[in-house]
Amino acid sequence: MISSLKAGVQEEDLNAIEERINSKLPDDYRCSLRIHNGQKLVVPGLMGSMALSNHYRSEDLLDVDTAAGGYQRRIGLNQCLPITFCIHTGLSQYLSLADVEGRCRNEIFYQCPDQTTHNPAALDMFVTGTSFSQWFTSYVQHVVSGDYPIIRDQIFRYEHDKDCVATTEEITISVSTSFLPELSSIHPPHYFFTYRIR
C-alpha cells in the first residue's frame, strides 16, 4: 500500500483545483495532499478492506485530480468531493465543502439513497468524520493500535469492543464488527454488519 501513494502536489496545483471546482478545499485536506496526493487505484486500498464470501470492499484514497473530476453539483450531493473510492462497490466517502442540504462543511460521509421517497436525489448519510484531520487521524489510530487488524497485508476495518470477549476454561472468544454502508439504508432502517469471531 505504501508504494501506491502518490507524491505530494504543489500549492499552485491545489489553487488550480479550487478554481476548477469553484470551492475552497479545507486547510487540513490541502496539507495532506501536499504530503501525498492520494494513491493509485489498487487493491488493497489504503482506507481499509472488508471481505465476505460473496462481497468485497477495498477503499482507495483518491488523488485530488480524480476527486475533482467527481466533484458533485447535483441535488443531494451538492458541493461534495469524493475522497475515497472502492472499485468493487462503487462506494465513495465524500467531503462536504459547504454547509448545504443538511450537511456541515468539512464533514465526511457515505451517501445513502433515501428509499422511502419518490425523489431519487434525496440522500441520507452515514457521517464518518467531522473534518479531514479528525477522520484520517482516527483511522490511523485504529490501525496503529491494532484495533483494525492487518490480515494478508490488508487493513480490515473491524471495530473491536473490549466487552465482546468471553473466556470459558481456556478458550477465549472475541467478536469484532464492520459496518457495511454500501448495503445499508436509513430510510427504511436497514443496517448491515459483518462479524469477525476469533
Side-chain angles (χ1 to χ4, degrees), residues 1-42 44-50 57-74 76-87 89-112 123-148 150 154-159 178-179 181-182:
M1 283 184 274
I2 300 295
S3 64
S4 73
L5 292 176
K6 295 183 175 182
V9 293
Q10 302 298 314
E11 281 294 318
E12 313 80 72
D13 301 322
L14 294 173
N15 294 339
I17 291 289
E18 287 181 339
E19 191 173 313
R20 180 171 137 199
I21 64 174
N22 197 28
S23 285
K24 175 130 177 58
L25 300 173
D27 290 340
D28 55 356
Y29 182 53
R30 287 178 67 103
C31 249
S32 178
L33 292 167
R34 293 290 312 275
I35 298 167
H36 61 81
N37 183 20
Q39 71 176 132
K40 301 170 194 158
L41 291 179
V42 297
L46 178 66
M47 300 313 295
S49 300
M50 189 287 308
R57 180 180 74 220
S58 181
E59 282 186 66
D60 290 303
L61 187 62
L62 293 177
D63 65 75
V64 72
D65 287 321
T66 305
Y71 180 71
Q72 299 293 313
R73 292 180 176 86
R74 64 186 169 99
L77 282 174
N78 191 23
Q79 297 184 53
C80 292
L81 187 74
I83 59 172
T84 70
F85 181 72
C86 173
I87 60 174
T89 65
L91 189 69
S92 287
Q93 290 188 68
Y94 285 89
L95 170 61
S96 178
L97 298 182
D99 293 319
V100 293
E101 301 176 332
R103 286 182 298 276
C104 297
R105 178 174 165 73
N106 300 332
E107 257 180 348
I108 296 179
F109 65 96
Y110 285 108
Q111 64 158 342
C112 173
L123 292 178
D124 289 318
M125 59 185 174
F126 298 114
V127 176
T128 55
T130 56
S131 69
F132 182 83
S133 57
Q134 182 272 326
W135 171 79
F136 196 74
T137 302
S138 173
Y139 177 74
V140 170
Q141 287 171 343
H142 279 296
V143 174
V144 171
S145 69
D147 288 344
Y148 288 170
I150 299 174
Q154 296 184 60
I155 300 167
F156 281 80
R157 289 196 329 227
Y158 282 96
E159 297 284 343
S178 182
F179 177 59
E182 66 272 24

Practice item. Say whether, by atom type as modelled, one donor and one acceptor occur between the side chain of S58 and the main chain of G45 under 3.5 angstrom. Key: yes
Check your understanding: Is there side-chain contact between H142 and Y158, with heavy atoms separated by less than 4.5 Å?
Key -> no
Practice item. Compare every heavy atom of R20 with every heavy atom of G69, then report the nearest pair and how far apart it is. Key: N-NH2, 3.4 Å
Study note, to complete from the structure: Minimal heavy-atom distance between C80 and R103, with the atoms involved, is SG-NE, 3.3 Å
Check your understanding: Roughly how far, to the nearest 0.5 Å, is the OH atom of Y94 from the CD1 atom of I83?
Key -> 11.0 Å
Review point. CG/L61 to CG/L33 distance, rounded to the nearest 0.5 angstrom?
Key: 8.0 Å
Revision key, fill the gap. Shortest non-hydrogen pair, D63 vs K6, comes out as OD2-NZ, 2.7 Å
Practice item. Can you label the angle between the W135 ring and the F132 ring as parallel, tilted or perpendicular, going by 30° and 60°? Key: tilted
Revision key, fill the gap. Scanning both residues in full, the closest heavy-atom pair of V64 with N37 reads N-OD1, 2.8 Å
Check your understanding: Is D28 close to Q134 at the side-chain level, that is, under 4.5 Å between some pair of heavy atoms?
Key -> no
Review point. Can you list the residues that meet the side-chain contact (heavy atoms from CB on, under 4.5 Å) rule with Q141, with sequence neighbours excluded?
Key: T137
Exercise for review: Nearest 0.5 Å please: distance from the CG atom of D60 over to the OG atom of S92.
Suggested key: 10.0 Å
Exercise for review: Calculate, to the nearest 0.5 Å, the distance between atoms CZ and CD1 belonging to F85 and I87 respectively.
Suggested key: 7.5 Å
Review point. Looking only at heavy atoms, which two atoms of R57 and P181 are closest? And how far apart?
Key: NH1-CD, 3.4 Å
Exercise for review: Any chance you could measure Q111, atom CD, to L91, atom CG, to the nearest 0.5 Å?
Suggested key: 7.5 Å
Review point. Do the rings of Y148 and Y139 sit parallel, tilted or perpendicular, given the 30° and 60° boundaries?
Key: tilted
Point to revise | Under 3.5 Å: donor-acceptor pair, side chain of S131, backbone of N106 | key: no
Exercise for review: Looking only at non-hydrogen atoms, find the nearest pair between P82 and Y71 and report the distance.
Suggested key: CD-N, 4.0 Å
**Study point:** salt bridge (Lys or Arg N to Asp or Glu O under 4.0 Å) involving R30 - partner list, sequence neighbours excluded
**Key:** E11, E18
Check your understanding: Just checking, any donor-acceptor pair under 3.5 angstrom between side chains of E59 and T84?
Key -> yes
